[in-house]
2 protein chains.
Amino acid sequence: MVNRRVDEIAAETFPARGGTRERIQSVALDLFAEQGYERTSLREIAERLGVTKAALYYHFKSKEDIIASLVSDYFGQIDDLIAWARQQPRTRETRAEVLDRYFQIVAEGSDVFRMLQQNQASIGSLAHAKQRSELFRERMDALVDLLCRPGGSLAEQVRAASALVSVSFGCMFYGDKAADREELRDAVLGVALELADAGDRADSRTSGSTR
Amino acid sequence: MVNRRVDEIAAETFPARGGTRERIQSVALDLFAEQGYERTSLREIAERLGVTKAALYYHFKSKEDIIASLVSDYFGQIDDLIAWARQQPRTRETRAEVLDRYFQIVAEGSDVFRMLQQNQASIGSLAHAKQRSELFRERMDALVDLLCRPGGSLAEQVRAASALVSVSFGCMFYGDKAADREELRDAVLGVALELADAGDRADSRTSGSTR
DNA sequence: GTCTATAGACGGATAGAC
DNA sequence: GTCTATCCGTCTATAGAC
């Protein structure tokens, strides 16, 4: 709902001019993704921006606040997707649309996703975080649920989860190898849809085919 | 090749008695996985073991050394797998065997894998590490290469990578939901094999089927 | 092999001037 | 909104006794 900001920032090579708050987020995103949240000091962020540590505290009340703002922007988009999907019919078309929108979110905010990925430990221990890495898992479960038949078998759930991680990690690993986003989209969604569709028909290969 | 140790340890609920070095690794593994490498202090590890910080320095020359020992044990197994696979014929059977062995490694050392996953940032910045998270990516690329035809299209590579992450994350997410390892194996390898096999036949759906 | 004690460094955060 | 200066805590690592 609130969250176009971070993506737009991430898209630019350098934040140019504009709100200092946004420039802080942009620089922090880069550094957190490169070296990790814990290894990045406020001094470092301030230096790269050409300001001092104290200046950061005018815009964010703590270091945690900076990463929290990044995280909530990103998860907000996922939550919106889940909310939307929940009031759609459970058809093949819906599933395809869910995967497509998921791809858009991940591809667009792939810097954020990479940062999240690299700093799972830190994010899981954020002050207000529910517990461990439940933030991530909760959403994963919700999405898997939307891609599965209710009460699906373990194999079906694994298949749905695979469809999702195919999209996420496809973007992360091959985002730079693809010529443009269309090529990436075709490759990634091709795989994901195969998985989601196969999960729809009952399990044809859950047993006996593995060796 | 050195590395049965960590897995055996990880398999036990509590390290019981035995070499102090191994007990340190075991406790460190737990804490690193729970709270992250950076947020875990040597004091904490020592306390849980009932010894003092200084004692740790008798067994490891630095904090980094502790996590490095965990990482190299794990990556060593992956490297062995890659080396083995490289001198096998490139058949469907080999691919199936690669995925199966990969599953064994991940499932058996799933605690280690989870720890690695949670601390990517820290591991990528280890002193002797080549660069960033290249440790991880290098192995991923090597395995993808083994599952693909040489010079495969982007879609084929994404498919192979998906097969691998399906196994890894299938284990991580559903390792505890499965009744036993056989059930997990069937579910996870079922999906992975579908992907690997589909990549073998030319791309039947890389275009036009995505919406 | 394990302890006590401490050095030495650095990070997050605040106070208060401008 | 940004700066200087500083406080306070914690951490890694080492020295040296037992």
Side-chain angles (χ1 to χ4, degrees), chain A residues 5 9 15-71 118-119 121-129, chain B residues 5 9 15-71 118-119 121-129:
Chain A
R5 270 173 300 154
I9 296 158
R17 61 189 57 260
T20 310
R21 186 188 159 88
E22 283 74 16
R23 295 176 57 221
I24 294 172
Q25 286 179 311
S26 170
V27 168
L29 176 58
D30 282 355
L31 288 173
F32 292 165
E34 267 173 50
Q35 350 176 305
Y37 172 75
E38 321 272 356
R39 296 176 106 96
T40 302
S41 66
L42 293 180
R43 182 184 51 74
E44 231 171 333
I45 297 176
E47 258 172 26
R48 192 176 281 204
L49 275 165
V51 298
T52 60
K53 271 199 295 178
L56 304 183
Y57 279 93
Y58 178 82
H59 299 277
F60 295 91
K61 81 171 213 298
S62 70
K63 187 188 178 188
E64 269 204 14
D65 245 38
I66 301 180
I67 199 174
S69 75
L70 264 12
V71 170
Q118 275 235 328
N119 295 287
S122 310
I123 290 163
S125 312
L126 286 188
H128 70 289
Chain B
R5 271 172 300 154
I9 297 157
R17 60 188 60 258
T20 310
R21 186 187 159 89
E22 283 74 15
R23 294 177 60 220
I24 295 173
Q25 285 180 312
S26 170
V27 168
L29 175 59
D30 282 355
L31 288 173
F32 292 165
E34 267 173 50
Q35 347 174 307
Y37 172 74
E38 321 271 357
R39 297 176 105 97
T40 302
S41 67
L42 294 180
R43 183 186 49 75
E44 232 171 333
I45 297 175
E47 258 171 26
R48 193 176 280 204
L49 275 165
V51 298
T52 61
K53 274 197 298 178
L56 305 183
Y57 280 94
Y58 177 82
H59 299 278
F60 295 93
K61 80 172 214 297
S62 71
K63 187 188 178 188
E64 269 204 15
D65 244 39
I66 300 179
I67 199 174
S69 76
L70 264 12
V71 170
Q118 274 234 329
N119 294 287
S122 310
I123 289 163
S125 310
L126 287 187
H128 68 291

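Keep in mind that the numbers below use all heavy atoms, side chains included, and drop hydrogens, waters and symmetry copies. Below, chains carry the letters A, B, ... as their sequence lines are ordered, and counting in each starts from 1.
- Of all heavy-atom pairs between A:Y57 and A:S62, the closest is CE2-CA, 4.1 Å.
- Between B:Y58 atom OH and C:dT2 atom C1' there is a gap of 10 Å when expressed in whole angstrom units.
- The shortest side-chain heavy-atom distance between A:T20 and A:Y58 does not fall under the 4.5 Å cut-off.
- Remark: A:E47 engages A:R43 in a salt bridge, criterion side-chain N to carboxylate O under 4.0 Å.
- Rounded to whole Å, atom C1' of D:dC3 lies 12 Å from atom CG of A:L56.
- If you take CZ of A:F60 and P of D:dG1, they are 13 Å apart, rounded to a whole angstrom.
- For B:T52 and C:dC3, the shortest distance from a side-chain N or O to OP1 or OP2 is below 4.0 Å.
- In this structure, A:I24 places its CD1 atom 7 Å from P of D:dT2, rounding to the nearest Å.
- When every heavy atom of A:R21 is checked against every heavy atom of A:H59, the shortest pair comes out as NH1-O, 3.3 Å.
- Across the helix from C:dG1-D:dC18 to C:dC18-D:dG1, the helix axis at one end is tilted relative to the axis at the other end by 10° (nearest 10 degrees, each axis from five pairs).
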**Request:** Can you check each nucleotide of nucleotides 11-18 of chain D against protein heavy atoms at under 4.0 Å and return B for base, S for sugar-phosphate only, - for none, in 5' to 3' order?
**Result:** SBBBB---
**Working for side-chain contact (heavy atoms from CB on, under 4.5 Å), residues A:L29 and A:S26** = CA-CA 5 Å; A:L29 176 58; A:S26 170; 5.7 Å; no
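- A straight line from CD of B:E47 to C1' of D:dT10 spans 13 Å, rounded to a whole angstrom.
- For the side-chain contact (heavy atoms from CB on, under 4.5 Å) with A:F32, the lone residue among A:V27, A:I123, A:I67 that qualifies is A:I67.
- Counted by atom type alone, B:S125 and A:Q35 present zero donor-acceptor pairs between their side chains at under 3.5 Å.
- Computed from coordinates, the A:I45 CD1 to C:dA13 C1' distance equals 14 Å when rounded to whole Å.
- A donor-acceptor pair under 3.5 Å links the side-chain atoms of A:K63 to the main chain of A:Y37, judged by distance alone.
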